[in-house]
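Notes to accompany the following structure.
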Amino acid sequence: MANRWRNTLTTADVTPEAMFLNRRQVMAGAAAMGLGLTAAPLRAATGLEPNSYEDITSYNNYYEFGTGKEDPARNAGQLTTDPWTIKIDGLVEKPGDYVLSDLIPQMTTEERIYRFRCVEAWSMVVPWNGFELADLLDLVGVKPEAQYVAFETLYRPEEMPGTRFPVLDWPYREGLRLDEARHPLTLLATGIYGKPMPNQNGAPIRLVVPWKYGFKYIKSITRITLTDKQPKTSWNMANAREYGFYSNVNPQVDHPRWSQATERRIGGGLFARREPTLMFNGYDEVASLYEAMDLRKNF
Ligand SMILES: Nc1nc2c(c(=O)[nH]1)N[C@H]1C(S)=C(S)[C@@H](COP(=O)(O)O)O[C@H]1N2
Ligand SMILES: [Mo]
């Protein structure tokens, strides 16, 4: 695609493991020269040092496995994720049940290190592995009448203890406008840190839309529907006043019950200073998608 988004960073640049090696090398050289150098400037230069694999896979939201942050890691292991098919239907040229293991080799997979901002005012940085949703949409052929993409999570009560409780109207549902879905930042992720997606993070495949709040990142996707109507979405159905369809990260539009101006970075320690939240989570390149819209009304 002509407008593929480019990420010049890989985890090799910024992982704690790489930092450790790098620091050792720098320190060895520095010691020889009698200088007290450390590798700290590398961290500052990127601003995107990923959270540890441990943080990313132990502090989760996945209500099908319980509403506590530790419930998904504890309960999602029982989910069967292989074989996995995704039904792609609605306004597409080639509808069908697509087997994930046949689909992935046809996609250009890569690593993307993105900021992640949950609507609950915490954040992480995650090195995702995945492919652009736009490439899948091109493969199945979107009909000209389509304006939105709707997504559904698997609903399998016997493996999902959290679905016994009517916290949300199962299955979990999400949606994007077609131009958002086609944006080169938007991914379908199949892994983290180069490893297959852990169940608690949405195995085997989940959405990543880095300029939106985390609840848009629907996990364990089994259905993708192209439609001409704005799809129903789980959190909006549960509480339309608190959770809008767009859910773009926006420090100027508070949640009715808390401020969105700042965030707490997971892994920063209990007394770490809160960081300012950035408009569109820092991904300014999406601003043109919303030029004609009042983002207070379309929150
Ligand atoms: N199916 C499903 N997808 C979901 C959720 C969920 O409860 N069920 N929680 C959402 C919320 S609120 C967030 S913050 C992110 C959390 O992703 P993570 O656990 O990988 O950090 O997943 C989103 N996707
Ligand atoms: Mo969230």
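The residues of the chain are indexed from 1 along the displayed sequence. One-based numbering, in listed order, for ligands and for the atoms of each.
- In terms of N/O distances under 3.5 Å, ligand 1 is not approached by Tyr59.
- Within the listing of ligand 1, atoms 14 (S), 15 (C), 16 (C), 17 (O), 21 (O) sit less than 4.0 angstrom from a heavy atom of Phe116.
- Lys219 NZ, 3.4 Å is the protein heavy atom nearest to atom 18 (P) of ligand 1.
- Asn61 and Glu120 share a donor-acceptor pair across their side chains, judged by distance under 3.5 Å alone.
- When the options Val208, Asp55, Ile218, Thr153 are ranked by their closest heavy atom to atom 1 (N) of ligand 1, first place goes to Thr153.
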- I would like to know whether Asp71 and Arg74 meet salt bridge (Lys or Arg N to Asp or Glu O under 4.0 Å); could you show each step before the answer? CA-CA 5 Å; Asp71 290 339; Arg74 194 183 302 130; 2.8 Å; yes
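- By the 3.5 Å distance cut-off applied to N or O atoms, Trp122 is not counted among the residues near ligand 1.
- Using a 4.0 Å heavy-atom cutoff, Arg206 is listed among the residues neighbouring ligand 1.
- Counting protein heavy atoms only, atom 24 (N) of ligand 1 is closest to Tyr217 O, 3.0 Å.
- Near Tyr62, meaning under 4.0 Å from one of its heavy atoms, ligand 1 places the atoms 1 (N), 2 (C), 6 (C), 7 (O), 8 (N).
- The distance from ligand 1 to the heavy atoms of Asn60 drops below 4.0 Å at these ligand atoms: 18 (P), 19 (O), 20 (O).
- Applying the side-chain contact (heavy atoms from CB on, under 4.5 Å) criterion to Pro72, with sequence neighbours excluded, gives Asn60, Tyr62, Gln200.
- The shortest contact between atom 23 (C) of ligand 1 and any protein heavy atom is with Gly214 O, 3.3 Å.
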- Tyr193 and Val126: side-chain contact (heavy atoms from CB on, under 4.5 Å), yes or no, with the steps? CA-CA 8 Å; Tyr193 268 109; Val126 183; over 6 Å; no
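- Looking at atom 6 (C) of ligand 1, its nearest protein heavy atom turns out to be Tyr172 CE1, 3.3 Å.
- Polar contact check, Asn61 against ligand 1: a nitrogen or oxygen pair lies under 3.5 Å apart.
- In terms of protein heavy-atom proximity, atom 7 (O) of ligand 1 is closest to Tyr63 N, 2.8 Å.
- Rounded to the nearest 0.5 Å, atoms CG (Asn250) and CZ (Arg117) are 10.0 Å apart.
- For Asp89, the salt bridge (charged side-chain N to carboxylate O under 4.0 Å, His left out) partners two or more places apart in sequence, or in a different chain, are Arg223.
- Counting atoms of ligand 1 from 1 in the listed order, those under 4.0 Å from a heavy atom of Glu64 are 1 (N), 2 (C), 6 (C), 7 (O), 8 (N).
- The nearest pair of heavy atoms linking Ala181 to Val149 is CB-CG2, 3.6 Å.
- Taking a 6.0 Å sphere around CD of Glu70, one finds it holds 12 or fewer heavy atoms contributed by other residues, nucleotides or ligands.
- Between the side chains of Glu263 and Thr277, a donor-acceptor pair is found at a separation under 3.5 Å.
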